[in-house]
Undergrad: 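Here it is: the structure, laid out below.
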Number of protein chains: 2
Amino acid sequence: MVKDTTTESIILEAARTVFLKKGMAGARMQEIADEAGINKALLHYYYRSKEKLFDRILEEAIGQIADGLNKALEEEQSVTLKLFALVEVYLNVLRDNRYLPLFVLNEMNLNPEKITALIERKIAKHIPGFLKQVREEVEQGLIAPIHPMHLLLNALSLIIFPVAAYPVLSKIGGAGELPVFEAFLDERKPGIKQFITHALRP
Amino acid sequence: MVKDTTTESIILEAARTVFLKKGMAGARMQEIADEAGINKALLHYYYRSKEKLFDRILEEAIGQIADGLNKALEEEQSVTLKLFALVEVYLNVLRDNRYLPLFVLNEMNLNPEKITALIERKIAKHIPGFLKQVREEVEQGLIAPIHPMHLLLNALSLIIFPVAAYPVLSKIGGAGELPVFEAFLDERKPGIKQFITHALRP
DNA sequence: CGTACATTTGACCAAACGGTTAAAATAAAA
DNA sequence: TTTTATTTTAACCGTTTGGTCAAATGTACG
């Protein structure tokens, strides 16, 4: 993280905290101002409206997701190793941003037209290539037959869902079943890799 | 669905629609009244406050999730067949309630103390037994070695996440890659079962 | 120093919100 | 029908919310 102390970035940091946790509808400009330790009018001085400020945070959030996906899929490796990279990259991002998935999914449900453009522009890049590679490795018998899109989807599910659902899971699991968040993520990494590896055995 | 035409259930149906889509913070009492085709004051006549009405819907939602889980895990079957049942039961529920997962996960993040009691009371029932069964089948060599809690978590991830993320996925996938929602779920069912089966091969 | 410019603040505003109330409309009981 | 109880509504209330503005404070520069 870049340690920025300008008013502008202090505001952004506060907006990030509040918006990510409470979403557009649940966030209050006054709360963001308090979190930043400034006057509420100053928020409007730098970012004209709640919506403008929110859009900024939303774009940043989608950017993080897109960067992770692209970083994991761009290097020339086998399908399995690309998915392993995806596990590493995403779980490291989510360790410091556990509200990221729900935040984006929510606003997508609430306001699809706002996100659609961002997603199509930033995320779609390396996906067609990856799907093609899956098809090839299946034909070569390197991995078990599987619908390429479903494979990617399965990997994303295994990575993201447990993070988003952690608060619920920690209750379902019963006393002491689930470790604290960070340790839980460390457990998930090999767990997911093993599950994917096994599922892809020809 | 029970076709109820009393004012009380008309209100509940409207509240369901609005709360599930927009959450507590985003929902407006006036919108619920409009959706129900009644006066706003009537909402308060039957359900005293927004929070009371919301709690009713939330309890109902958690009940659906709990029922699905319990129904799938209670019958005496192998681990694999229990997970297959979970796929069937949940994807059938989610077909008619695509906002259910995000709704519950969100309110859990926002207001843990409200849900915690409900979850512990309704959901935890059959889980310890299932985890024990996984341990036994692993020892007997019927399925590949795996952490029981992670297996359950993986199954839930594969089932729920794609439903919650469908709006995003339909954009990522690019033009024509993903079918419409209902057809997508029909595709997922065998996809998930195959993935789990493969992953559990000893 | 003084002046021009940017930054920050407290006070305020209009709209939206959850909730209340008294009266109207409807149904049930006599 | 008349009376009583229930259901529904329009109008209203106090608070919260996003947003504005003029004044105050700080900063750069001649």
Side-chain angles (χ1 to χ4, degrees), chain A residues 2-61 99 103 106-107 109-111 113-115, chain B residues 2-61 99 103 106-107 109-111 113-115:
Chain A
V2 184
K3 184 189 165 191
D4 244 328
T5 52
T6 68
T7 304
E8 225 173 309
S9 42
I10 288 176
I11 291 178
L12 280 185
E13 178 61 31
R16 215 171 283 138
T17 303
V18 176
F19 275 135
L20 267 273
K21 195 183 287 185
K22 309 204 168 178
M24 173 66 170
R28 298 288 166 254
M29 291 297 267
Q30 186 59 57
E31 191 182 350
I32 296 176
D34 292 346
E35 175 81 25
I38 58 164
N39 189 284
K40 189 185 60 162
L42 206 53
L43 294 181
H44 291 89
Y45 178 78
Y46 283 99
Y47 306 88
R48 287 226 293 264
S49 67
K50 185 185 183 183
E51 198 180 353
K52 290 258 172 56
L53 183 54
F54 177 79
D55 288 350
R56 177 73 180 263
I57 302 300
L58 180 61
E59 176 151 6
E60 190 183 283
Y99 298 114
F103 174 73
N106 260 320
E107 302 302 330
N109 271 330
L110 222 64
N111 225 319
E113 74 283 0
K114 187 173 283 185
I115 304 198
Chain B
V2 184
K3 184 189 165 190
D4 244 326
T5 53
T6 69
T7 304
E8 226 174 310
S9 42
I10 289 176
I11 291 178
L12 279 186
E13 177 62 30
R16 215 171 283 138
T17 302
V18 176
F19 275 135
L20 267 272
K21 195 183 286 186
K22 309 204 168 178
M24 173 65 171
R28 299 287 167 252
M29 291 297 267
Q30 186 59 57
E31 191 182 351
I32 296 176
D34 292 346
E35 175 80 24
I38 58 165
N39 188 284
K40 189 185 59 160
L42 206 52
L43 295 181
H44 292 89
Y45 178 77
Y46 283 100
Y47 306 87
R48 287 227 293 266
S49 67
K50 183 185 182 184
E51 198 181 353
K52 289 257 171 56
L53 182 55
F54 176 79
D55 288 350
R56 176 74 178 262
I57 302 300
L58 180 61
E59 178 152 4
E60 190 182 283
Y99 297 114
F103 174 73
N106 259 320
E107 302 301 331
N109 270 331
L110 223 64
N111 224 320
E113 73 283 359
K114 186 173 284 184
I115 305 199

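Since we're looking at a predicted model, the values are computed, not measured. When reading the values below, keep in mind they use all heavy atoms of this one structure, side chains included, and skip hydrogens, waters and symmetry mates. Throughout, protein chains are lettered first and strands after them, A, B, ... in sequence-line order, and every chain is numbered starting at 1.
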Undergrad: Whole angstroms only, please: what is the CG-P distance between B/L53 and C/dG18?
TA: 11 Å
Undergrad: In plain terms, say whether A/R56 and A/E8 are close enough for a salt bridge, that is, a side-chain N and a carboxylate O under 4.0 Å apart.
TA: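 Judged by the 4.0 Å cut-off on N to carboxylate O distance, A/R56 and A/E8 do not form a salt bridge.
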Undergrad: At the 4.0 Å heavy-atom cut-off to chain B, mark where contacts on DNA chain D begin and end, going 5' to 3'.
TA: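 Footprint of chain B along DNA chain D, 5' to 3': D/dT6 to D/dA10.
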Undergrad: With sequence neighbours left out, write down each residue that passes side chain to side chain contact (heavy atoms under 4.5 Å, CB included) with B/I10, or none if nothing qualifies.
TA: B/A36
Undergrad: Applying salt bridge (Lys or Arg N to Asp or Glu O under 4.0 Å), name anything that partners B/E107, two or more places apart in sequence or on another chain.
TA: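 B/E107 satisfies salt bridge (Lys or Arg N to Asp or Glu O under 4.0 Å) with no other residue.
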Undergrad: Which part of the nucleic acid, if any, lies within reach of B/A33 when heavy atoms closer than 4.0 Å are counted: base, sugar-phosphate only, or nothing?
TA: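 No contact at all - B/A33 keeps every heavy atom at 4.0 Å or more from the nucleic acid.
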Undergrad: Whole angstrom is fine here: how far is it from CE in B/M29 over to C1' in C/dT20?
TA: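 Atom CE in B/M29 sits about 12 Å away from atom C1' in C/dT20.
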Undergrad: Ring pair (Phe, Tyr, Trp, His ring centres under 6.0 Å) with A/F54: which residues, sequence neighbours excluded?
TA: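 Counting only residues at least two positions away or on another chain, A/F54 forms a ring pair (Phe, Tyr, Trp, His ring centres under 6.0 Å) with A/F19, A/F103.
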Undergrad: Please work out if B/A25 contacts a base, only the sugar-phosphate, or nothing of the nucleic acid, heavy-atom cut-off 4.0 Å.
TA: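 Since no nucleic acid heavy atom lies under 4.0 Å of B/A25, the category is nothing.
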Undergrad: Under the salt bridge (Lys or Arg N to Asp or Glu O under 4.0 Å) test, which residues partner B/E59, sequence neighbours left out?
TA: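 With neighbours one apart ignored, the set is B/K122.
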Undergrad: Mind checking salt bridge (Lys or Arg N to Asp or Glu O under 4.0 Å) for A/K50 and listing every partner two or more places apart, or none if nothing turns up?
TA: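 Checked A/K50 against salt bridge (Lys or Arg N to Asp or Glu O under 4.0 Å); zero matches.
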Undergrad: May I have all residue pairs that pass side-chain hydrogen bond (donor to acceptor under 3.5 Å, both in side chains) and include part of residues 34-46 of chain B, sequence neighbours excluded?
TA: B/Q30-B/D34
Undergrad: Salt bridge (Lys or Arg N to Asp or Glu O under 4.0 Å) with A/K21: which residues, sequence neighbours excluded?
TA: none
Undergrad: Any chance you could list the contact pattern along nucleotides 6-16 of chain C? Use B for base contacts, S for sugar-phosphate-only contacts and - for none, protein heavy atoms under 4.0 Å, 5' to 3'.
TA: SBBBB------
